[in-house]
Asks: 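Have a look at this one.
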Amino acid sequence: MHTFETIGIIGAGVMGSDLALDLASQGYQVILKDIHEEALDKAKAKIREDFKLVKLMKKELPVKEIEQVLSNIMFTTTYQSFHAVPFVIENITENWEAKQQVYLELQEHCQEDTIYGVNTSCISITKVGAVLPRPENAIGMHFMNPVPLKQMVEIIKGYYTSEDTIRKIKDFLKAVGKKPVLVNDSPGFVTNRVLMPMINECIWAVHDGVAAPQDVDKIFRLGFSHKMGPLATADLIGLDTILNSILVLYESYNDPKYRPCPLLVKMVDAGLLGKKSGKGFFDYTSVLAHSHA
């Protein structure tokens, strides 16, 4: 079984910090890189807080103490330590220009045979592969939120992705307790091609005055046994990420069914991004105040 001892993670937002926590608590050495020192400080605080829940939910964790988890993570704003990293997972914002810049920078610091896991919900894996010297080393890895507690990972085969890369990544994911599902490269893959229009349509229902957000979600929770309603899911993912993802689908397929609801655009413009900003379709200010207390 193939696995990696050291893993580079680019981007210390919700996904990046979750991944760092998940891998470091399983004994892996992690290098968590972000351009902002503040993002790294927030990630460290989030990892500290979230570890309590992960420890509670996952009794079989190899690493039992938070200090040991943190000692397995190097927090950095540079690529200096990436020269010996065999595997990098990139989770920056869903913006092609920004991603392209990261992969151009990574090439200067990583070895030629480094494997790149593109943790994206919509961006083309083939497009990422095309900017790399070895495009067969790029593979899509769409992790679910929250990473430590969700087993399914949608892995995406780009046009160039090699069978060897797919095998190594499947082995790695199984070693960290995940269940990989392989799909082909197509905008939104399976998860977001279906999930984003559903969330967007729920936002239209609110926008058109059909139902209040809590009632839309109640229908999905009680009627379809969803653990979390679509609008609470949107708040958790971040409404800016939802908007970016649906815009990628809209541009990629050139199909009006993916047109973002004006209410979603207005909320993002207003800074109502969901859980991370304190307000979205629901109010999280008391939760945030409690976690900072």
Asks: Looking at Lys64 and Glu60, what are the two nearest heavy atoms and their distance?
Replies: NZ-C, 4.0 Å
Asks: For the CG atom of Asp50 and the CG atom of Leu21, what is their distance to the nearest 0.5 Å?
Replies: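 Reported value, rounded in 0.5 Å steps: 6.5 Å.
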Asks: State which residues pass side chain to side chain donor-acceptor pair (under 3.5 Å) with Thr114; sequence neighbours excluded, sorted by chain then number.
Replies: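 Partners of Thr114 by the side chain to side chain donor-acceptor pair (under 3.5 Å) criterion come out as none, since no residue qualifies.
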Asks: Can you pull out every salt bridge (charged side-chain N to carboxylate O under 4.0 Å, His left out) where at least one residue sits in residues 70-93? Sequence neighbours excluded, please.
Replies: Glu90-Lys99
Asks: SG/Cys202 to CG/Leu231 distance, rounded to the nearest 0.5 angstrom?
Replies: 5.5 Å
Asks: If I take atom NE2 from residue His226 and atom CD1 from residue Ile219, how far apart are they, to the nearest 0.5 angstrom?
Replies: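 Between atom NE2 of His226 and atom CD1 of Ile219 there are 12.0 Å.
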Asks: Quick one: does any side-chain atom of Gln151 pair with a main-chain N or O of Lys179 as donor and acceptor, under 3.5 Å?
Replies: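 No; judged by distance alone, with no hydrogens or angles, the pair does not exist.
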Asks: Using every non-hydrogen atom in the two residues, find where Leu249 and Asn192 come nearest and quote the distance to one decimal.
Replies: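 The answer is CD1-O, 3.6 Å.
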Asks: Within the side chain of Asp34, is there an N or O that forms a donor-acceptor pair under 3.5 Å with the backbone of Leu40?
Replies: no
Asks: If you apply the rule side chain to side chain donor-acceptor pair (under 3.5 Å), what do you find for Ser162 with Asn137, and how did you get there?
Replies: CA-CA 7 Å; Ser162 69; Asn137 288 359; 5.1 Å; no
Asks: Classify the side-chain pair Asp283/Thr285 by whether it contains a donor and acceptor separated by less than 3.5 Å.
Replies: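 Their side chains do contain a donor-acceptor pair, which is all the 3.5 Å distance test asks for.
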Asks: Check this for me: Asp208, atom CG, are more than 12 non-hydrogen atoms of other residues, nucleotides or ligands nearer than 6.0 Å?
Replies: yes
Asks: Between Lys44 and Glu49, does at least one N-O distance fall below 4.0 Å, as a salt bridge requires?
Replies: no
Asks: State whether a side-chain donor-acceptor pair under 3.5 Å links Thr120 with Glu94.
Replies: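 Side chains of Thr120 and Glu94: pair found under 3.5 Å.
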Asks: Tell me whether the count of non-hydrogen atoms from other residues, nucleotides or ligands lying under 6.0 Å of CE in Met57 goes above 12.
Replies: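 No, because the 6.0 Å sphere around CE of Met57 holds 12 heavy atoms or fewer from other groups.
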Asks: Under the rule for ring pair (Phe, Tyr, Trp, His ring centres under 6.0 Å), what residues qualify as partners of Phe82, not counting sequence neighbours?
Replies: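 With sequence neighbours excluded, Phe82 shows a ring pair (Phe, Tyr, Trp, His ring centres under 6.0 Å) to Tyr79, given in chain and number order.
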Asks: Tabulate below the donor-acceptor pairs under 3.5 Å that side-chain atoms of residues 233-248 make, not counting sequence neighbours, or state none.
Replies:
residue, atom, partner, partner atom, Å
Thr233, OG1, Gly229, O, 2.8
Asp235, OD1, Phe281, N, 3.0
Asp235, OD2, Phe281, N, 3.1
Asp235, OD2, Phe282, N, 3.0
Asp235, OD2, Tyr284, OH, 2.8
Asp240, OD1, Lys276, NZ, 3.0
Asp240, OD2, Lys276, NZ, 3.1
Ser245, OG, Ser121, OG, 3.2
Ser245, OG, Thr241, O, 2.9

Asks: Atom NZ of Lys157 and atom OG of Ser186: how far apart are they, to the nearest 0.5 Å?
Replies: 14.0 Å
Asks: Not counting sequence neighbours, which residues clear ring pair (Phe, Tyr, Trp, His ring centres under 6.0 Å) with Tyr258? List them please.
Replies: Tyr253
Asks: Does any pair with a residue in residues 71-86 pass salt bridge (charged side-chain N to carboxylate O under 4.0 Å, His left out), and if so which ones, sequence neighbours excluded?
Replies: none
Asks: If you look at every heavy atom in Glu112 and Arg134, which pair is closest and at what distance?
Replies: O-CD, 3.4 Å
Asks: Say whether Glu105 and Gln101, considering side chains only, have a donor N or O and an acceptor N or O under 3.5 Å apart.
Replies: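 Per modelled atom types, Glu105 and Gln101 side chains form a pair under 3.5 Å.
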Asks: Look at the side chain of Asn119 and the backbone N and O of Ile89, then say whether any donor-acceptor pair between them is shorter than 3.5 Å.
Replies: no
Asks: May I ask you to decide whether Asp18 forms a salt bridge with Lys46, counting only side-chain N to carboxylate O separations under 4.0 Å?
Replies: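 Yes, charged N to carboxylate O under 4.0 Å.
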Asks: If only side-chain N and O atoms count, and only distance matters, is there a donor-acceptor pair under 3.5 Å linking Thr77 with His36?
Replies: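 Absent: no donor and acceptor within the cut-off.
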Asks: Any idea which heavy atoms bring Ile73 and Ala24 closest together, and the distance?
Replies: CG1-CB, 3.5 Å
Asks: Is it true that Lys58 and Asp22 make a salt bridge, defined as a side-chain N closer than 4.0 Å to a carboxylate O?
Replies: yes
Asks: Verify the distance criterion only: is there a donor paired with an acceptor across the side chains of Gln68 and Asn72 at less than 3.5 Å?
Replies: no
Asks: In terms of side-chain geometry, is the basic nitrogen of Asp171 or Lys174 positioned less than 4.0 Å from the acidic oxygen of its partner?
Replies: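 No, Asp171 and Lys174 are not salt-bridged.
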